[in-house]
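Heads up, the thing below is written out as structure tokens.
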Amino acid sequence: MGFFDSAQDVIDKGVSTAKGVVSGVAVERQPFMKGFVRLCADGWNQGWHERNGGNLTYRMTDGEVADCRPFFYENPCNWIPLGVQADNLRGAYFAVTGAGRYMRNVPLDTAKNVGIVEINPEGNACRIVWGLKDGGKPSSEFPSHFMIHSVRVDVTGGSSRVLYHAHPINVVALTSVMPLDARTITRTLWKAMTECIIAFPKGVGVLPWMVPGGAEIAMATSELMKTYDAVIWAQHGLFCSGSDFDSAFGLMHTIEKASDIYVRARLLNGGGEFANTISDEGLRAIARNLGLGINEDFLD
Ligand code: 2HA
Ligand code: ZN
């Protein structure tokens with residue numbers, strides 16, 4: 001049984017109940033949840049979240065968990081096996097969008113469309129401790145997010161907290177016409193708009209089309225996320241990480257905007273050679289001036 005089915009099974013077996021009267025700042029009014037909700041609304045407004053497309057997870061701080069704990073369910077559902085294990089996420093708490101729930105509805109009813117899940121002490125299962133009302137379950141991509149969080153915590157020394165998956169239009173369009181290799185696509189974006197090499201000096205990882213929500217795409221993405229802060233899924237979308245909501249959303253926005261500029265430029269000149277671009281020497285100069293740790297392999 002996959003994560004998705006076992007989650008449904010666990011939720012069907014027990015309905016959680018919230019504590020009666022509690023004091024404190026409601027989860028919806030906690031600063032981290034305001035940031036979470038704002039990102040969902042911004043992503044919807046950008047046109048990146050048709051239907052139930054996309055998902056968002058946030059690894060909470062101990063202080064945020066303590067502030068939310070009075071509002072946690074008294075009888076959380078049973079542990080839902082994740083199918084993967086991570087030592088560095090034992091006992092962690094994540095805010096997560098719900099499977100089948102729409103980003104568009106997150107501001108309208110956060111406690112229905114978003115949940116907080118606790119990871120068990122073994123680091124291989126989760127349970128819903130807040131939200132996802134009316135039988136909701138964590139995003140079908142939660143096991144992928146979980147694996148990738150584990151990698152990102154390692155490679156960033158714990159600063160990485162946000163993983164954001166969206167379906168930005170121009171990024172997806174590019175994957176229909178460009179070679180699916182990280183060097184080609186990264187160079188294209190770096191040269192489309194000056195800000196790009198600053199926003200993603202290591203480049204962008206690229207995966208060919210794969211079945212979503214499965215172990216294979218999760219493993220492939222987490223492998224690339226050892227190097228890159230963002231990974232493109234061909235004919236699907238983009239996966240971005242960040243230390244906070246601003247950096248994760250900003251990275252998604254920058255990559256999509258550069259893709260949009262490239263698409264428009266290509267349309268304008270009918271797909272031929274560009275008259276003007278940023279030279280490799282120009283990119284090196286930006287990196288030198290700003291002290292960026294760029295991926296030299298991606299420069300000529
Ligand atoms: O949540 O975007 O990749 C729906 C998706 C799956
Ligand atoms: Zn998707």
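Excluded from the calculations below are hydrogen atoms, water molecules and symmetry mates; all remaining heavy atoms, backbone and side chain alike, are included. Both ligands and their constituent atoms are indexed starting at 1 by order of listing.
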Between Y228 and F200, is the ring centre distance below 6.0 Å?
-> no

Quick check, are the ring centers of Y58 and F245 under 6.0 angstrom apart?
-> yes

Could you tell me the angle subtended at the Zn ion (ligand 2) by NE2 of H167 and NE2 of H165, rounded to 10°?
-> 100°

Closest approach of L56 to V162 (non-hydrogen atoms, all atoms of both residues) = CD1-CG1, 3.8 Å

Which N, O or S atom name in H236 marks its closest approach to the Zn ion (ligand 2)?
-> NE2

Which residue and non-hydrogen atom of the protein lie closest to atom 6 (C) of ligand 1, and at what distance in Å?
-> E141 OE2, 3.3 Å

Any side-chain donor paired with an acceptor under 3.5 Å for E141 and H165?
-> no

Applying a strict 4.0 Å limit to heavy atoms, is G54 in contact with ligand 1?
-> yes

Is there a nitrogen or oxygen of S140 sitting under 3.5 Å from a nitrogen or oxygen of ligand 1?
-> no

Ligand 1 to N55 polar contact by distance, N or O atoms, under 3.5 Å = yes

Which atoms of ligand 1 sit under 4.0 Å from any heavy atom of H165?
-> 2 (O), 3 (O)

Where ligand 1 meets N52 - atom numbers and elements under 4.0 angstrom, heavy-atom basis | 1 (O), 4 (C)

Is it the case that one hydrophobic cluster holds both L207 and L163, taking links as side-chain heavy atoms less than 4.5 Å apart, direct or via other members?
-> yes

Does V172 belong to the same Ile/Leu/Val/Met/Phe/Trp/Tyr cluster as W48, with side-chain heavy atoms less than 4.5 Å apart forming each link?
-> no

